[in-house]
Amino acid sequence: MLAVAGMVFDLSSPVQAQQDSVILFRNVRIFDGKASALSAPSSVLVRNKVIEKISAGDINAAGEVIDGGGRVLMPGLIDAHWHTMLVRPTPMAALAGDVGYNNLLAASEATATLMRGFTTVRDMGGPSFGLKQAIDEDLVAGPRIYPSGAMITITGGHGDFRQLSDLPRTIGGMLSRMERIGGSMVADSPDEVRVRAREQLMQGASQVKLTAGGGVASPFSPLDVSTFTEPELRAAVEAADNWGTYVATHAYTPVAIQRSIAAGVKCIEHGHLMDEASAKLIAEKGVWLSTQPFLDLSGAAALGPAEQDKMRQVVAGTERVYTLAKKYHIKTAFGTDILFSKALANQQGAMLAVLTRWYTPAEALAMATSTNAELLSMSGPRNPYPGKLGVVAEGAFADLLLVDGNPLDNIRLVEDPAKNFVVIMKDGKIYKNTLAR
């Protein structure tokens, strides 16, 4: 017995061990994230957070049973270029709006993202650390987040959303609003880059994001402009390497791509304006290409005329970037880079289906599962979720979708997750099960 402040506690009885969570999928055909064909009808046993056993025969286990009825069980989808905090607000609201409200808005979108079957996202710029923590602690339903923290840019570069009235900038002076909220950080020397990269890593960044060239959404950033110098880029690469992870750069043009690679960058984001020489260099150096199938101006609806014109240039390069990626066998990841539109976010799965313009359905689905998971693993010791993602395999995380139909035959099933994803599981926990009705 223990007496504290007049209260008596009995410490003699043993504490019961928490019971395992056991869920058994029966009669499912498996797309494992890699193969071009489905398995024979199988059983999949999930214990706690991982897939414990897969068998062509029945599995005897005490726990919840889900009869798949011959439906397809596949890995949860992964978006390799997402902006958790920037999907729903307008550009002005993201920059000047109430931080508390914007976080609640992002939490609501995170739940919607998970309900679209995307169980993991790689956040490529924005203050997502708090939301990631809330999701990991099960306070909010949402995908796993691989955060970059604030994107690092230069004065006038992509990600610099200051107004001209904010100039001149005093190095070491007061930070702008966008910097104070952790959206992006301005760095104009190798030393500043090194500090800003280390700050993101200190907060828990799994990779570091820099903008090596101009961008669509930024008002003072022409697409053709090359921003960071090679020594500046190298400072970030060295900082990330010291932490066992890597740098990804926003880069559309050949100069931005080639300078990034010379500095040791391991992943190019976008690349829509690349040329043949840049593609060959990416392939020769084993650098990743994380790109998006932009085919129209829907992603620029919230932007002004000048920004929409830049988006037209990017869209015009989409065919070229995928053609070159296939020609040179570049390691290619799938992402959407959806910004400032709840309606467009609902097309996240539809953007995946667009990949069949260049790839088979099996290749497209593999890119959004096992291939994207390979990219995520490059975070090394900074990986917030060490383990196997993007596959249906024994020992892998139980991030699973049960699909009513065969997406290898009809990838457009992913366009309507509300109808076609009848079970959504992340980390061994069921977030949706319409078969239980």
Side-chain angles (χ1 to χ4, degrees), residues 21-46 51 53-59 63-79 111-121 141-143 334 336 345-356 359-370 372-373 389-393 396-437:
S21 169
V22 178
I23 299 173
L24 176 63
F25 291 90
R26 281 184 176 149
N27 190 18
V28 294
R29 295 175 297 158
I30 299 169
F31 168 64
D32 66 0
K34 295 182 177 182
S36 59
L38 301 178
S39 73
S42 302
S43 298
V44 177
L45 178 65
V46 172
I51 299 169
K53 187 175 181 180
I54 300 174
S55 174
D58 199 11
I59 298 174
E64 182 179 353
V65 176
I66 297 175
D67 187 342
R71 295 177 178 86
V72 173
L73 189 72
M74 63 173 285
L77 299 170
I78 300 171
D79 193 321
T111 301
T113 303
L114 179 60
M115 291 300 100
R116 290 192 292 269
F118 285 85
T119 54
T120 302
V121 297
F334 162 78
T336 58
N346 289 331
Q347 301 302 308
Q348 194 175 11
M351 286 187 71
L352 172 57
V354 164
L355 288 181
T356 54
Y359 302 93
T360 68
E363 289 171 335
L365 291 168
M367 190 184 296
T369 53
S370 64
N372 275 359
L389 281 171
V391 291
V392 181
F397 283 119
D399 295 359
L400 300 168
L401 308 176
L402 188 62
V403 186
D404 194 5
N406 182 358
L408 299 186
D409 288 339
N410 179 17
I411 196 172
R412 296 195 64 179
L413 292 169
V414 305
E415 296 180 10
D416 191 353
K419 176 183 177 183
N420 300 317
F421 294 169
V422 296
V423 174
I424 297 175
M425 171 183 282
K426 187 198 109 182
D427 224 17
K429 179 178 179 180
I430 294 175
Y431 288 88
K432 174 184 177 181
N433 183 3
T434 59
L435 298 179
R437 291 175 181 172

- Given Thr369 and Leu77, is the side-chain contact (heavy atoms from CB on, under 4.5 Å) satisfied, shown in steps? CA-CA 5 Å; Thr369 53; Leu77 299 170; 4.1 Å; yes
- Query: Sequence neighbours excluded, which residues qualify as salt bridge (Lys or Arg N to Asp or Glu O under 4.0 Å) partners of Lys429?
  - Reply: Asp138
- Task: Go through Val423 and Phe25 one step at a time and tell me if the side-chain contact (heavy atoms from CB on, under 4.5 Å) criterion holds.
- Result: CA-CA 10 Å; Val423 174; Phe25 291 90; 4.1 Å; yes
- Message: Looking at every non-hydrogen atom in both residues, tell me the closest pair between Val403 and Pro407 and how far apart they are.
- Response: CG1-CD, 4.2 Å
- Item | side-chain contact (heavy atoms from CB on, under 4.5 Å) evaluation trace for Asp67 with Leu435 | CA-CA 8 Å; Asp67 187 342; Leu435 298 179; over 6 Å; no
- Query: Side chains of Ile23 and Met425: closer than 4.5 Å at any heavy-atom pair?
  - Reply: yes
- Do Thr120 and Asn372 have side-chain heavy atoms sitting under 4.5 Å apart? no
- Salt-bridge criterion met for Lys419 and Asp404 (N-O under 4.0 Å): no
- Task: Please examine the side chains of Leu45 and Val22, heavy atoms only from C-beta on, and report whether any two atoms are closer than 4.5 Å.
- Result: yes
- Rounded to the nearest 0.5 Å, what separation is found between the NZ atom of Lys53 and the OG atom of Ser43? 9.5 Å
- Item | Contact check, side chains of Ile51 and Leu400, non-hydrogen atoms, under 4.5 Å | yes
- Can Leu114 and Thr119 be said to form a side-chain contact (heavy atoms from CB on, under 4.5 Å), step by step? CA-CA 5 Å; Leu114 179 60; Thr119 54; 3.9 Å; yes
